[in-house]
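The structure appears below as C-alpha cells.
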Amino acid sequence: MLDLKWVRAHPEQVREALRRRHQDETVLNELLAKDEAWRADLAAVEQLKAERNKASEQIARGRKQGEDVTAQIERMRQVSDQISALDGKVRQLESAVRDLLLAIPNIPHASVPEGRDDRDNVEVRRWGEPRTFEFTPLAHWDLGVQLGILDSERAAKVAGARFTFVKGWGARLQRALTNFMLDLHVKEHGYLEVLPPFLVNRESMIGTGQLPKFAEEMFKVEKQDLYLIPTAEVPVTNIHRDEILSTADLPLYYVGYSSCFRAEAGAYGRDTRGLIRMHQFEKVELVKFVLPQTSYDELEKLVNDAEAVLQRLELPYRVVCLSTGDLTFSSAKTYDLEVWMPSYGRYVEISSCSNFEDYQARRANIRYRPEGGGKLEFVHTLNGSGLAIGRTVAAVLENYQRADGTIQVPLALRPYMDGIEAFPPRGLQG
RNA sequence: GGAGGGGUGUCGUAACGGUAGCGAAGCAGUCUUGAAAACUGCCGGCCUUCGGGCCUUGCGGGUUCGAAUCCCGCCCCCUCCGCCA
C-alpha cells in the first residue's frame, strides 16, 4: 500500500497514477474524505483520553493520601462512556481508511509507458530467431496426446477442467526443467533455494497484495481459513513479514519452487487447450529484498536471470515492458518475458518480473535500519518467474519437435535426462 | 488432539490492579590529538495548531475510575503424551 501521509500530501500524484492506470478515482476521493473525518474524531477522543489519564493519576494520588475521590470517579465514569462511544467510531473510520488504502494500486514508475492495455506494451529486445519448420508443426496439446505424455481427459474426470496429468517422458522433461532452473539460479545467480508452504493465511495474501481485492482469483480452504498460493511470491515474500532486516543482510535473493493455484474467474474460453492456462501449474519464482536505491538495477538483473533460462534452453523470446494499463496492482514496473510459441504463431508470456518498490514491504511491514542508524525504513521487494514450468514444457515440445514426432532434448537439459538426445528414445518405452 | 510452560520496543530481561523499568547493541552529539570510557539524546506507531497529545506488553473481547497484571475466546512458540507420511 501507499504511505497514507504521502497520499494526504500528494493527492494529485495519486489521482494522476490512477488515471495512468485507467482506474476509477472514486476510491481516492472516498479515502481523503474518510481520512479527514477520522483525524477529526481522533483528535477529539485523544483529548478525552488525556483528560482521563490526568484524572486517573489524581485519583491514585488522592487515594494514597486518604482523600475522598468518589466524586471524581463518578465523573470519570461518564468520560469513559464518552470515550468508548467515540472510540468505536474512530476505529470504524480507521479501518475504512485502511481498506480504501489497500484498494489503491501502486504508483507506476516514470519510465513505464502510457497505455490502455497489453496492446500498448513496449518491446524492449528480442533474442533468437523463431524456427522455420520443414513440416507442419503440431501444437503442444496434440504432441502431448500423440506422445502419451499429457492426459487432460482423465484429469477432467479426476479433478476437472484446466487440470492435467503429465506422464512418462513429459513428467521426466518437467522434472529436468525444474532441476535445471533451480540449479542455474542457485549455483550461478546466487539465490537461496526455498521450498515454501503451498497454503498461506490471510495476512500473507494481504502482504503481497492478492487480498483483499482479488479474492475471486484464489482457491480457499474454508475450514482452516487458508488460501492455496497463486504463486510462490506469496509465501517467499512473506518470509520476512513483520521483520527488521539488517542492512548488511541486503540484498536477499530467494528462489522458490511451488505449485501455483488459480481460479482465474472470467478467463473461461481462453486458452482452453494445453498447458497455458491451468488451475494448477508449477513455477520457479525469484524473490528479492533490496535497498531502495538499488531496486531498479536489481530489476534489470532479475530480468537477466530469468532470460538466462530461455537462452540456455535456446528458446526464442522477447522482453516487453508493460504499459500503465497492463501493470499489475502492486507493481511499479514490470517486464514480461514472452517465448515463441509456434502453435500461437506469436510470443506468449512465460515470466513476469516486477519491482514493487516499498508497496508490498509496507503492507507486509518489512523494514531495515539504514546504514549509519536512524529511522527504520521499508525495503524494496521484487520478484519474477524463472520460469513458469508448464509453459516452458509447452515451449520445448513445440520448438523442439521433429518431423518423426519425437522431441529433441535441449542441450542444457541433457545432463538432467540421462544424456538422451531425443524422446521417446529408440527402442525404449516411456 | 491432550497436559504444562511461554509470547514486553532492534536484542535480552523486569514490573502487590496505579499507567512499562533496567541492561546490551547501533547511531548522533559533548569530551579527546584520535579512539575507548563517561554523559545526553535518538534508537516503536499515530495525530498535531509543533506547545504537545494519544496509542503500543501475541490478537480480540470483558471486569475496573484505571489492566502487561484479573476473567473469557483465539493465534503462535517450547516441552511431554497421543496420532501420522
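Below, chain A is the first sequence line, B the second, and so on; all start at residue 1.
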So, is Asn53(A) near the phosphate of rC55(B), with a side-chain N or O under 4.0 Å from OP1 or OP2? yes
Nearest whole angstrom, please: distance from the C1' of rG53(B) to the CG of Leu48(A). 12 Å
Nearest-Å distance, CZ (Arg39(A)) to P (rG53(B))? 21 Å
Tyr191(A) and His189(A) aromatic ring geometry - parallel, tilted or perpendicular at 30°/60° bounds: perpendicular
RNA chain B: Glu94(A) or Ala50(A), which has the more 5' nearest nucleotide? Glu94(A)
Counting side-chain heavy atoms from C-beta on, which of rC65(B), rC47(B), rC54(B) comes nearest to Ile73(A)? rC65(B)
Measure from the side chain of Ser80(A), starting at C-beta and using heavy atoms only, and say which of rC46(B), rG66(B), rG44(B) lies closest. rG66(B)
Between rU79(B) and rG21(B), how many Å separate the two P atoms, rounded to a whole number? 34 Å
Does Leu376(A) reach a base, just sugar-phosphate, or nothing at all? Heavy atoms under 4.0 Å. sugar-phosphate
Step through it carefully: locate the ring centre of Tyr296(A), locate the ring centre of His380(A), and say whether they are under 6.0 Å apart. no
Give me the distance, rounded to whole Å, that separates rC27(B) from rC16(B) when you measure between the C1' atoms they each carry. 39 Å
Atom pair distance, as rounded to whole Å: CG in Asp35(A) and C1' in rC46(B): 12 Å
Leu226(A) CG - rC75(B) C1' separation (whole Å): 12 Å
Arg75(A) has an atom CZ; how far is it from atom P of rG66(B), in whole Å? 14 Å
Rounded to the nearest angstrom, tell me the gap between atom CG in Leu42(A) and atom C1' in rC46(B). 7 Å
Would you say Arg8(A) reaches rC47(B)'s phosphate, i.e. side-chain N/O to OP1/OP2 under 4.0 Å? yes
Atom CZ of Arg91(A) and atom P of rU56(B): how far apart are they, to the nearest Å? 10 Å
The Watson-Crick or G-U wobble partner of rU40(B), with both key distances under 3.5 Å, is rA28(B)
For the residue pair Ser204(A) and Asn201(A), confirm or rule out a side-chain donor-acceptor distance under 3.5 Å. yes
Whole-Å distance, Gln47(A) CD to rG52(B) C1', equals 12 Å
Report yes if a side-chain nitrogen or oxygen of Arg52(A) is closer than 4.0 Å to either non-bridging phosphate oxygen (OP1 or OP2) of rC65(B); otherwise report no. no
